[in-house]
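Shown next, in structure tokens, is the structure this report addresses.
These figures come from a predicted structure and were not determined experimentally.
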Amino acid sequence: MSALLEVAGLSVAYGRIEAVRGVDLAVGDGEFVGVIGSNGAGKTSLMRALAGVVRPAAGRVRFAGADVTALPSHRMVAAGFALVPEGRQVFADQTVEDNLLLGAYHRIGRDRAGVGEDLARVFALFPRLAERRGQLAGTLSGGEQQMLAIGRSLLARPRLLAIDELSLGLAPRVLEQLFPVLTALNRDGLSILLVEQMASYALAVTARTYVMEQGRVLLEGRSADLARDPRVLSAYLGRHAAAH
């Protein structure tokens, strides 16, 4: 599997505080990869750096074979990297449909037919959004806003969908609707990088996972193997390995 995203020695600093320290990470073309860790592990800072929202203090990022280390966020979107940010960050005073169309801002003038097709596809994935297409985004439930944030990113027609804290503030029944959609998108060929504090969910749907703590990658490997690792069981799944 060829690497779509390659990260080498990435560091992110806010003044003297180093939030991410020398992280190496890769996502293959068509792969579903997770990043788990506790609060303050550096997961969101990592995602913001990959998306071009903050500039790395050190290290390199390559995407689709090109060096994109210093690329700003709007150029990353155009390159095929779309971020679903932590906390969803929908435009509360605009309609569902307008929020979705904002995801396609970089191509809406030259690919109107394609944008229309993608809009219909998102409404098929999330029928609740179709029912509320004229409703203000700020009046949606948390789960509906997360659907909207994912749909908005899909309107960018990304090669890699990065999702920061999908489960934040959402009930388990909502997550049971969202995770199958992500699995289906990945099965259709979309690469996904999922940052998730709820480790059990991430390990269940991803192929590989990175475990971050204090800005560094402590463990990495196949998700099925990490789900049985005593260190992961104890620290992130609230269980202990069965005694033999």
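Across I36 and A202, no two heavy atoms sit closer than the pair CG2-CB, 3.7 Å. Residues D164 and M47 approach most closely at N-CE, 4.1 Å, considering heavy atoms. Between P56 and A49, the shortest heavy-atom distance links the atoms CG-CB, 4.4 Å. The heavy-atom pair separating L101 from L119 by the smallest distance is CD2-CD2, 4.3 Å. Here the closest non-hydrogen pair linking S223 and T206 is OG-OG1, 2.7 Å. Among all heavy-atom pairs drawn from S38 and E213, the shortest one is OG-OE2, 2.8 Å.
Hydrophobic clustering (ILVMFWY, side-chain heavy atoms < 4.5 Å, transitive): L125 and L155 are in one cluster. In the hydrophobic clustering of ILVMFWY residues, with side-chain heavy atoms under 4.5 Å counting as a link, V53 and L102 come out apart. V195 and V77 are members of different hydrophobic clusters when ILVMFWY side chains are connected at heavy-atom separations under 4.5 Å.
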*Could you walk me through whether T209 and V33 pass the side-chain contact (heavy atoms from CB on, under 4.5 Å) test, one step at a time?*
CA-CA 6 Å; T209 296; V33 174; over 6 Å; no
*Begin with the C-alpha distance, continue with both residues' side-chain angles, and end with the deciding distance and a verdict on side chain to side chain donor-acceptor pair (under 3.5 Å) for R208 and Y210.*
CA-CA 7 Å; R208 290 190 305 113; Y210 294 83; 3.1 Å; yes
*Give the intermediate values and the outcome of side-chain contact (heavy atoms from CB on, under 4.5 Å) for residues V23 and M212.*
CA-CA 9 Å; V23 164; M212 284 188 71; 4.1 Å; yes
*Does the pair L129 and L148 meet the rule for a side-chain contact (heavy atoms from CB on, under 4.5 Å), with working shown?*
CA-CA 7 Å; L129 297 183; L148 181 57; 4.2 Å; yes
*Report the C-alpha separation of E144 and R132 in whole Å, then their side-chain angles, then the decisive distance to 0.1 Å, and conclude whether the side-chain contact (heavy atoms from CB on, under 4.5 Å) test is met.*
CA-CA 9 Å; E144 290 163 351; R132 289 158 172 74; 3.1 Å; yes
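Inspection of the R16 and Y14 side chains reveals no N or O donor paired with an N or O acceptor under 3.5 Å. A donor atom on one side chain and an acceptor atom on the other are not found under 3.5 Å apart for E176 and Y201. A side-chain donor-acceptor contact under 3.5 Å links S167 and E196. Using a 3.5 Å distance cut-off with no hydrogens or angles, the side chains of T95 and Q135 do not pair a donor with an acceptor. Of the N and O atoms on the side chains of E31 and S191, not one donor lies less than 3.5 Å from an acceptor on the other residue.
Side-chain atoms of V211 and V217, non-hydrogen and from C-beta on, never get closer than 4.5 Å to each other. In this structure, the side chains of L193 and L161 stay at 4.5 Å or more apart for every pair of heavy atoms. Put simply, the side chain of L194 reaches to within 4.5 Å of the side chain of F179, judged on heavy atoms. By the 4.5 Å heavy-atom criterion applied to side chains, I150 and V122 are not counted as neighbours. Under the 4.5 Å side-chain criterion, counting only non-hydrogen atoms from C-beta, V205 is in contact with F32. At least one side-chain heavy atom of V232 sits less than 4.5 Å from a side-chain heavy atom of L219. Under the 4.5 Å side-chain criterion, counting only non-hydrogen atoms from C-beta, R62 is not in contact with V68. Between R48 and V12 there is no side-chain heavy-atom pair separated by less than 4.5 Å.
At least one donor-acceptor pair under 3.5 Å links the side chain of T139 to the backbone N or O of L136. Looking at Q197, its side chain never comes within 3.5 Å of a backbone N or O of G37 through a donor-acceptor pair.
For the atom pair OG1 (T69) and CG (L10), the distance works out to 8.0 Å, reported to the nearest 0.5 Å. How far CG of L178 is from CZ of R173: 11.0 Å, rounded to the nearest 0.5 Å. Remark: E86 CD to L168 CG distance equals 5.5 Å, nearest 0.5 Å. Here the CD1-OG distance, from I163 to S153, works out to 8.0 Å after rounding to the nearest 0.5 Å. Note that CG of L71 is 10.0 Å distant from CZ of R55, once rounded to the nearest 0.5 Å. Distance check: M147 CE to L100 CG gives 12.5 Å after rounding to the nearest 0.5 Å.
Salt-bridge check for R60 with E6: failed, with every basic side-chain N at 4.0 Å or more from each acidic carboxylate O. Using a 4.0 Å cut-off between a side-chain N of Lys or Arg and a carboxylate O of Asp or Glu, R159 and D29 qualify as a salt bridge.
Residue Q214 qualifies as open at atom CD: its count of foreign heavy atoms under 6.0 Å is 12 or below.
For the pairing with V27, the side-chain contact (heavy atoms from CB on, under 4.5 Å) check across L160, L50, I192 returns one residue only, L160.
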